[in-house]
Amino acid sequence: MNGPFVPKLVYFEPQALDYPLGRELKEKFEQMGIEIRYTTSHNQVRDLPGENDFQKYRMAKSTLVVGVRKTLKFDTSKPSAEYAIPFATGCMGHCHYCYLQTTMGSKPYVRTYVNVEEILEAADRYIAERAPEITRFEAACTSDIVGLDHLTHTLKRAIEHFGKTELGRLRFVTKFHHVDHLLDAEHNGHTRFRFSINADYVIKNFEPGTSPLAERIKAAGKVARAGYPLGFIVAPIYLYDGWEEGYRHMFERLDAELPMDARADVTFEFIQHRFTKPAKKVILKNYPKTKLELDESARRVKWGKYGIHKYIYQKDQEEELKQRLEEYMREFFPHAKYEYFT
Ligand code: SF4
């Protein structure tokens with residue numbers, strides 16, 4: 001996907017129009033000529049166009065619900081942040097292995113919350129509780145917030161808010177390159193801007209509806225030049241014929257793009273491909289033609305939370321992936337911070 005996300009259908013919860021952002025979005029979508037419907041609750045967004053589950057799923061991912069976030073109690077988001085900050089849920093992307101497929105179940109539409117100031121006030125209370133410790137908020141736990149932000153500018157507002165707090169920090173990760181409106185935000189170094197990257201082969205085959213690698217890397221260069229602390233999540237690391245070269249090439253391109261002075265404060269996280277049995281089932285339902293390798297017998301079992309086990313790579317494969325990726329990172333970015341491999 002190269003153009004930024006444009007919903008095919010937009011629902012408004014009536015209370016959303018009590019907020020300036022809600023009214024602004026209504027006007028914007030009217031001008032864009034997008035069909036607007038009203039719903040008293042997002043749970044009623046049932047009669048989406050489409051003849052079968054497959055079509056409805058696709059339509060849902062192109063549907064935006066503009067609503068008000070009622071619970072201002074934040075989930076925890078260990079280990080990379082203390083809290084998940086809820087600005088949006090759902091995503092317009094179609095990554096075959098996306099965990100939202102299991103967590104969002106039958107409601108895969110994209111939701112954005114317009115009571116941004118209330119959400120930020122709640123964040124301030126969490127910050128005050130932990131003072132004098134730093135409190136980190138992750139904004140991409142339940143969506144790809146950057147993919148939506150060109151419409152709402154919520155993230156920009158949040159970046160500037162955290163830029164002013166002494167003890168609050170913001171972080172998020174994205175697979176989209178539509179970052180231009182965020183470049184002049186007064187972030188004050190308090191937001192870590194992370195990109196999810198992968199070998200070209202993996203993005204092309206398994207991440208439809210997101211930005212190509214070359215665009216993500218270009219966007220990372222812009223973000224670095226705008227002075228943001230930067231990070232990369234290489235995920236999911238996937239074994240395929242030619243993976244060594246594919247991942248090496250990814251690092252070479254990053255090396256060619258990133259300015260020298262951004263490299264002292266860049267982080268890398270590495271996550272190998274994994275799946276669970278319930279996830280495999282929904283993947284095959286939503287993306288029946290996927291080439292994604294999901295053979296339990298080729299994998300090793302790792303016990304996960306809630307008693308659901310995960311299938312990860314065999315020990316020797318895992319070691320090879322881990323060593324190789326770390327080696328590339330050290331070769332091209334000797335000053336980067338290696339966060340973890342999992
Ligand atoms: Fe899921 Fe992220 Fe892909 Fe969106 S971009 S579908 S959140 S993996």
Side-chain angles (χ1 to χ4, degrees), residues 1-17 22 25-70 86-114 140-152 154 174-176 178 203-212 275-292 294:
M1 185 180 93
N2 270 312
F5 171 63
V6 178
K8 292 206 173 91
L9 179 61
V10 179
Y11 282 86
F12 277 88
E13 294 175 9
Q15 315 91 290
L17 299 175
L25 288 175
K26 181 171 170 275
E27 210 170 293
K28 175 179 278 187
F29 294 130
E30 277 168 358
Q31 277 172 10
M32 290 166 82
I34 296 171
E35 182 183 345
I36 294 178
R37 295 183 185 175
Y38 295 89
T39 173
T40 47
S41 156
H42 73 99
N43 289 314
Q44 291 177 349
V45 183
R46 285 208 189 93
D47 52 343
L48 286 174
E51 281 166 18
N52 49 41
D53 283 355
F54 184 83
Q55 287 180 5
K56 280 187 203 282
Y57 177 77
R58 273 145 188 83
M59 190 61 201
K61 281 203 159 248
S62 298
T63 299
L64 179 67
V65 179
V66 180
V68 173
R69 177 75 183 188
K70 300 214 176 61
F87 293 123
T89 55
C91 179
M92 62 301 289
H94 276 283
C95 305
H96 294 183
Y97 30 60
C98 179
Y99 66 102
L100 294 180
Q101 290 179 85
T102 36
T103 56
M104 312 263 313
S106 58
K107 302 190 186 83
Y109 42 78
V110 187
R111 296 178 72 197
T112 185
Y113 303 113
V114 292
C141 282
T142 50
S143 71
D144 190 312
I145 180 91
V146 176
L148 184 64
D149 206 59
H150 63 97
L151 295 170
T152 62
T154 301
T174 185
K175 289 186 167 77
F176 291 89
H178 310 106
I203 293 178
K204 280 190 188 129
N205 283 288
F206 307 122
E207 300 189 353
T210 67
S211 298
F275 63 92
T276 61
K277 272 201 170 49
K280 177 176 174 174
K281 227 172 120 189
V282 298
I283 292 170
L284 295 178
K285 180 172 160 248
N286 291 332
Y287 304 102
K289 293 201 188 111
T290 188
K291 286 203 275 179
L292 196 62
L294 297 167

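These numbers come from a predicted model, not from an experiment.
- Between Met59 and Lys8, the closest side-chain pair of non-hydrogen atoms falls below 4.5 Å.
- Using a 4.0 Å cut-off between charged side-chain N and carboxylate O, Glu30 and Lys28 make no salt bridge.
- Within the 3.5 Å criterion, the main-chain N or O of Leu292 finds no donor-acceptor partner in the side chain of Asn205.
- Atoms CZ and OH, on Arg111 and Tyr113 in that order, are 3.5 Å from each other to the nearest 0.5 Å.
- Gln31 is listed as a side-chain neighbour of Glu27, based on a closest heavy-atom distance under 4.5 Å.
- Phe54 carries Arg58 over the face of its six-membered ring, with the cationic atom under 6.0 Å from the centre and within 45° of the normal.
- Separating the OG1 atom in Thr39 from the OH atom in Tyr11 is a distance of 7.0 Å, to the nearest 0.5 Å.
- Note that the OG1 atom of Thr112 and the CG atom of Asp149 stand 8.0 Å from one another [nearest 0.5 Å].
- Between Phe29 and Val6 there is no side-chain heavy-atom pair separated by less than 4.5 Å.
- Put simply, CG on Leu48 and OH on Tyr109 are 8.5 Å apart, with the number rounded to the nearest 0.5 Å.
- For Lys280, the salt bridge (charged side-chain N to carboxylate O under 4.0 Å, His left out) partners at least two apart in sequence or on another chain are Glu296.
- Contact check for Pro49 versus Leu9: side-chain heavy atoms found under the 4.5 Å cut-off.
- One distance of note links CG of Leu148 with OG1 of Thr154; it measures 7.0 Å at 0.5 Å rounding.
- Put simply, the side chain of Ser143 never gets that close to the backbone of Ala140: no donor and acceptor are under 3.5 Å apart.
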Take Val66 and Val10 through the test side-chain contact (heavy atoms from CB on, under 4.5 Å) and record every step on the way to the result. CA-CA 7 Å; Val66 180; Val10 179; 3.9 Å; yes
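- A donor-acceptor pair is defined here as one N or O able to donate and one able to accept, closer than 3.5 Å; no such pair exists between the side chain of His150 and the backbone of His178.
- The closest side-chain heavy-atom distance from Ile34 to Pro7 is below 4.5 Å.
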Quiz: residues 87-97 side-chain donor-acceptor pairs under 3.5 angstrom, not counting sequence neighbours:
residue, atom, partner, partner atom, Å
His94, ND1, Tyr287, OH, 2.7
His96, ND1, Thr290, OG1, 2.6
Tyr97, OH, Glu207, OE2, 2.6

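- The distance from atom CG of Leu25 to atom CG of Leu151, rounded to the nearest 0.5 Å, is 7.5 Å.
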